[in-house]
Amino acid sequence: MKDVSLKGKVFEPFLSSADLQLRISELADYMNEDYAGREVILLGVMDGALLFLADLMRKLSCSFHVHTVKLKSYEGQHSTGTVQKQIDSSVKVTGKHVIVVEDIVDTGLTMGFLREWLKGQEAASVQVASLLVKEDVFQNKFEIKYKGFSIPNRFVVGYGMDYDGYGRGLGGVYVLKH
Ligand code: IMP
Ligand code: MG
């Protein structure tokens, strides 16, 4: 893996495509065991979770349906402190087992917001799968049952995650160089 430049900023390799796929297979194995014989709804948080969701789906053997919600809290490299929501009104989760699929949990604002919404919808159960977690910022505000990697508080791109819309298609994860 080589450094990549996006909008004049340089990012260095952090997690390879192979690292990601191996870990996603492990997470899928846990889910296959936990949800065997039950039907689950994967609720992907767009746009960042696109690639994680797609790869996870291909590794799941339990029965599932997929829905997406569009949430946005970041501008550039920073959280705006508010969450913009667009939830498709056809998403019905009442009485269903839900796994929220997220690219990265940073402050936990986005996921906290979605968890409250799901509570209001009376889902049968709600668990969170996040590929990455910035532990120092998140500080375990709620349980993340399926966690890919704990990472330091640095800005990352790739594998669905973007810097102002750029870098989402990279197969691995890259971190902004100091
Ligand atoms: P939170 O609401 O602060 O937990 O931020 C979560 C959302 O912000 C994620 O779903 C991402 O879309 C975005 N985000 C947080 N950290 C990063 C990062 O390092 N790179 C790209 N996007 C990020
Ligand atoms: Mg996201």
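Every number for a ligand or one of its atoms is a count from 1 in the order of the listing. All of these numbers come straight from a predicted model, not from anything done at the bench.
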Examine the side chains of Q121 and T94 and answer whether a donor and an acceptor come within less than 3.5 Å of each other. no
For ligand 1, which part of D162 has a heavy atom less than 4.0 Å away: the side chain, the backbone, both, or neither? backbone
With heavy atoms of G108 as the reference, note each atom of ligand 1 found under 4.0 Å away. 1 (P), 3 (O), 4 (O)
With carbon and hydrogen excluded and only N/O/S kept, which atom of D103 is nearest the Mg ion (ligand 2)? OD1
Atom 8 (O) of ligand 1 sits nearest the protein heavy atom Y74 CD1, 3.0 Å
Checking heavy atoms under 4.0 Å, the part of Q77 that sits near ligand 1 is neither
Should you measure from each heavy atom of R154, which atoms of ligand 1 turn up under 4.0 Å away? 19 (O)
Flag V156 as yes when one of its N or O atoms lies below 3.5 Å from any N or O atom of ligand 1, and as no otherwise. yes
Any side-chain heavy atom of M1 sitting closer than 4.5 Å to one from Y174? yes
For T110, take its heavy atoms, then give the atoms of ligand 1 lying under 4.0 Å from any of them. 1 (P), 2 (O), 5 (O), 6 (C), 7 (C)
If hydrogens are left out, which of K134, E102, K141, R168 has an atom nearest to atom 19 (O) of ligand 1, that is, the closest non-hydrogen atom? K134
State the atom name: nearest N, O or S atom of E102 to the Mg ion (ligand 2). OE1
Would you say W117 ends up clustered with F142 if hydrophobic residues are merged whenever their side chains have heavy atoms under 4.5 Å apart, either directly or through other cluster members? yes
Side-chain touch D47/D162, heavy atoms, less than 4.5 angstrom: no
May I ask you to check if ligand 1 and S79 share an N or O to N or O distance below 3.5 Å? no
Can you find a pair of side-chain heavy atoms, one from V40 and one from S63, that are under 4.5 Å apart? no
Check contact between D103 and ligand 1, using heavy atoms of the residue and a distance below 4.0 angstrom. yes
Taking only Lys NZ, Arg NE, NH1 and NH2, and the carboxylate oxygens of Asp or Glu, determine whether K147 and E135 approach each other closer than 4.0 Å. yes
When you group the ILVMFWY residues by side-chain heavy-atom contacts below 4.5 Å and let the links chain together, are L131 and I144 in the same group? no
Starting from M161, can I reach F149 by hopping between I/L/V/M/F/W/Y residues whose side chains sit under 4.5 Å apart? yes
Under 3.5 Å, N or O to N or O, is M161 touching ligand 1 that way? no
Look at the rings of F11 and Y163 and say which category their plane angle falls in: under 30° parallel, 30 to 60° tilted, over 60° perpendicular. tilted
Can you list the ligand 1 atoms lying under 4.0 Å from a non-hydrogen atom of T107? 1 (P), 2 (O), 3 (O), 4 (O)
Nearest-neighbour protein heavy atom for atom 11 (C) of ligand 1, which is reported as residue plus atom name and distance: I104 CG2, 3.5 Å
Under 3.5 Å, side-chain donor or acceptor atoms of residues 99-115 against the rest of the protein: list the pairs with distances, not counting sequence neighbours.
residue : atom : partner : partner atom : Å
D106    : OD2  : Y74     : OH           : 2.3
T107    : OG1  : L109    : N            : 3.2
T110    : OG1  : S73     : OG           : 3.2

